[in-house]
Amino acid sequence: MGQELVWAVTVISMAVAAGVFAWVASSADRALADYHPAVAVAYRLRPWLFGAAALILIGANYRAVEALPYVSEPGRGAPQRVDAVGEQWAWTVSPNKVVAGRPVEFHVTSKDVNHGFAIYDAGLRLVAQTQAMPEYVNVLRYTFTAPGVYRVLCLEFCGVSHHQMMAEFTVVPAQSAK
Ligand code: CUA
């Protein structure tokens with residue numbers, strides 16, 4: 001009984017849909033005639049709209065590149081090397097203390113699969129990131145200006161405990177370096 005009802009509903013729906021298609025197809029020629037003037041206007045506007053869209057996109061891209069979080073102050077002094085190794089599912093970051101104002105070179109790699117090495121400030125704003133790849137070392141240069149506790153999170157889905165890949169390191173003020 002249930003099956004027959006479903007079958008009947010299906011057949012009726014298909015018939016209605018077919019009727020709608022047939023009606024649209026038969027009235028398409030008439031409708032198209034009304035559209036010709038509108039289509040002509042659209043074709044004349046098209047290059048201008050395309051130009052405007054291109055200008056807006058180029059402008060937006062330019063602004064977006066300026067706002068990228070990856071550009072940092074060049075910093076002064078010898079770079080501080082930090083080794084960062086990702087594995088399922090943890091980060092090893094050593095040393096876990098760097099000095100503000102001096103460039104830091106993160107040497108980032110992975111023991112197993114690809115991970116995303118992403119550094120967040122105390123407000124969880126992304127400040128820099130690179131890939132952690134097996135058998136390859138990515139060097140990420142960044143100069144921290146604000147002291148504080150920074151967090152490393154994984155930005156590449158790498159398995160069930162991806163979300164637990166967290167580490168912390170501290171950026172200390174320049175004057176307390178020694
Ligand atoms: Cu490592 Cu996600």
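All figures in this text were calculated on a predicted structure; none of them were measured in a lab.
- For residues 104-115, the salt bridge (charged side-chain N to carboxylate O under 4.0 Å, His left out) pairs, not counting sequence neighbours, are Glu87-Lys111, Glu105-Arg141.
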Residue pair Tyr120, Leu155: steps toward the side-chain contact (heavy atoms from CB on, under 4.5 Å) verdict: CA-CA 11 Å; Tyr120 291 84; Leu155 262 193; 3.6 Å; yes
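- With rounding to the nearest 0.5 Å, the separation of OH in Tyr150 from CZ in Phe144 is 6.0 Å.
- Listed by chain and number, the hydrophobic cluster partners of Ile58 come to none, as no ILVMFWY side chain reaches under 4.5 Å of it.
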side-chain contact (heavy atoms from CB on, under 4.5 Å) between Val171 and Val104, intermediate numbers included: CA-CA 10 Å; Val171 176; Val104 180; over 6 Å; no
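- Every residue meeting the side chain to side chain contact (heavy atoms under 4.5 Å, CB included) condition with Ser13, not counting sequence neighbours, appears here in chain and number order: Val9.
- Annotation: ring-ring contact (aromatic ring centres under 6.0 Å, His included) contacts of His107 (sequence neighbours excluded): none.
- Side-chain contact between Val82 and Pro95: present, with at least one pair of heavy atoms (C-beta onward) separated by less than 4.5 Å.
- Residues meeting the side chain to side chain contact (heavy atoms under 4.5 Å, CB included) test with Asn96, sequence neighbours left out: Phe169.
- Members clustered with Leu45: Val41, Leu49, by chain and number, using a 4.5 Å side-chain heavy-atom cutoff among hydrophobic residues.
- Residue Leu126 is grouped with residue Met166 when hydrophobic side chains (ILVMFWY) are merged at heavy-atom distances under 4.5 angstrom, including chains of intermediate members.
- Placement of Met133 and Val85 in two distinct hydrophobic clusters is found when ILVMFWY residues are connected by side-chain heavy-atom separations under 4.5 Å, directly or transitively.
- Applying the ring-ring contact (aromatic ring centres under 6.0 Å, His included) test to Trp89 and every residue at least two apart in sequence or in another chain returns nothing.
- Here side-chain hydrogen bond (donor to acceptor under 3.5 Å, both in side chains) pairs that include residues 130-139, with residues two or more places apart or in two chains, are Asn114-Gln131, Gln131-Glu156.
- Taking Arg151 as the reference, nothing meets the side-chain hydrogen bond (donor to acceptor under 3.5 Å, both in side chains) condition, with sequence neighbours excluded.
- Contact of the Tyr142 side chain with the Ile119 side chain is not registered, since no non-hydrogen atoms from C-beta on lie closer than 4.5 Å.
- Nearest heavy atom pair, residue Val6 against residue Thr10, reads O-OG1, 2.7 Å.
- No option in Gln164, His162, Met165, His115 other than His115 meets the side-chain contact (heavy atoms from CB on, under 4.5 Å) test with Gln88.
- Contact annotation: the side chain of Pro103 approaches that of Thr143 to within less than 4.5 Å [non-hydrogen atoms, C-beta and beyond].
- Residues passing the side chain to side chain contact (heavy atoms under 4.5 Å, CB included) test with Tyr43 are Val39, Arg46, sequence neighbours excluded.
- Thr109 contributes no side-chain N or O that, together with a main-chain N or O of Ala132, makes up a donor-acceptor pair within less than 3.5 Å.
- By the side chain to side chain contact (heavy atoms under 4.5 Å, CB included) test, Ala167 pairs with Trp91, Val93, Val152, sequence neighbours left out.
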